[in-house]
Amino acid sequence: MNNEAIKHNLTTPDHWLRALFMVLFVILLEVAGVVMLATIVLQFLFAIISGSPNENLRQLGSQIASYIYQVLQFLIYNTEEKPFPFAEWPQD
């Protein structure tokens with residue numbers, strides 16, 4: 001790669017816009033991780049108290065897992081499709 005190609009890449013607005021989206025999605029990934037942890041703890045407590053897992057928490061956990069997967073796919077450049085809030089929330 002020559003200096004002109006590097007200079008072009010550094011001055012392309014698309015790269016910097018994606019960087020901003022990546023920062024946003026890293027923050028959202030952290031929030032999703034906290035919500036997932038809360039879901040795990042609540043599911044465990046519900047299972048201990050009632051003897052079986054809660055179906056709503058199971059579905060929420062599945063959706064959060066899908067969302068985390070979508071965010072990671074965007075962050076590692078496997079897709080250009082932006083996850084929620086720029087797309088629909090994953091439904092499982």
Side-chain angles (χ1 to χ4, degrees):
M1 202 171 223
N2 61 26
N3 288 341
E4 285 299 316
I6 294 172
K7 183 178 177 182
H8 178 265
N9 289 339
L10 286 172
T11 58
T12 302
D14 292 341
H15 293 296
W16 296 107
L17 183 59
R18 183 178 174 97
L20 288 175
F21 280 117
M22 290 175 78
V23 169
L24 170 69
F25 283 115
V26 166
I27 293 167
L28 291 174
L29 184 61
E30 291 298 318
V31 171
V34 170
V35 174
M36 180 63 95
L37 179 60
T39 303
I40 292 166
V41 170
L42 287 172
Q43 185 71 290
F44 178 74
L45 293 173
F46 193 92
I48 286 177
I49 293 169
S50 71
S52 63
N54 181 292
E55 188 58 38
N56 290 332
L57 288 174
R58 185 182 295 181
Q59 184 179 7
L60 177 61
S62 179
Q63 290 173 354
I64 294 169
S66 295
Y67 178 69
I68 289 171
Y69 176 77
Q70 290 174 359
V71 170
L72 290 173
Q73 290 295 306
F74 179 78
L75 291 175
I76 63 172
Y77 284 78
N78 278 348
T79 183
E80 292 297 319
E81 187 175 329
K82 295 172 196 70
F84 180 84
F86 301 96
E88 293 293 318
W89 180 255
Q91 298 297 319
D92 286 321

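Note that the coordinates shown come from a computational prediction; the quantities given were computed from them, not determined experimentally. All values below come from the heavy atoms of this structure, side chains included, with hydrogens, waters and symmetry mates left out. Start at 1 with the first residue, then count along the sequence.
Hydrophobic clustering (side-chain heavy atoms under 4.5 Å, transitive across Ile, Leu, Val, Met, Phe, Trp, Tyr) keeps Y77 apart from L20. Hydrophobic clustering, with ILVMFWY side chains joined whenever heavy atoms are under 4.5 angstrom apart, keeps L45 apart from V35. Side-chain heavy atoms closer than 4.5 Å link hydrophobic residues (I, L, V, M, F, W, Y) into clusters, and following such links, possibly through other members, connects V26 to I68.
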Evaluate salt bridge (charged side-chain N to carboxylate O under 4.0 Å, His left out) for K7 paired with E4, printing each intermediate quantity in order. CA-CA 5 Å; K7 183 178 177 182; E4 285 299 316; 5.3 Å; no
Should T12 and H8 be marked as a side-chain contact (heavy atoms from CB on, under 4.5 Å) after you check the CA-CA gap, both sets of side-chain angles, and the distance that decides it? CA-CA 6 Å; T12 302; H8 178 265; 3.6 Å; yes
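Closest non-hydrogen pair, F84 versus L28, comes out as O-CD1, 4.2 Å. Summarising the geometry of L75 relative to M22, their closest heavy-atom pair is O-CE, 3.2 Å, with the distance given to 0.1 Å. Across I64 and A32, no two heavy atoms sit closer than the pair CG2-O, 3.7 Å. The minimum heavy-atom distance linking R58 with Q43 is given by the pair N-NE2, 3.3 Å. Taking every heavy atom of both residues into account, Q70 and P90 meet most closely at NE2-CB, 3.8 Å.
E88 CD: 12 or fewer foreign heavy atoms inside a 6.0 Å radius.
By the 4.5 Å heavy-atom criterion applied to side chains, N56 and F46 are not counted as neighbours.
One distance of note links CD1 of I40 with CZ of F44; it measures 12.0 Å at 0.5 Å rounding. With values rounded to the nearest 0.5 angstrom, I27 atom CD1 is found 9.0 Å from E30 atom CD. A distance of 6.0 Å separates CG in L42 from CG in L57, rounded to the nearest 0.5 Å. Separation of atoms OH (Y69) and OG1 (T79) is listed at 9.5 Å; rounding is to 0.5 Å. Of the inter-residue distances, the one linking Q59 atom CD with Q63 atom CD reads 5.0 Å to the nearest 0.5 angstrom.
With Y67 as the fixed residue, the ring-ring contact (aromatic ring centres under 6.0 Å, His included) test singles out one of F74, F25, W89: W89.
Applying the side chain to side chain donor-acceptor pair (under 3.5 Å) criterion to E81, with sequence neighbours excluded, gives no partner residue.
At distances below 3.5 Å, at least one donor-acceptor pair connects side-chain atoms of W16 with backbone N or O atoms of L10.
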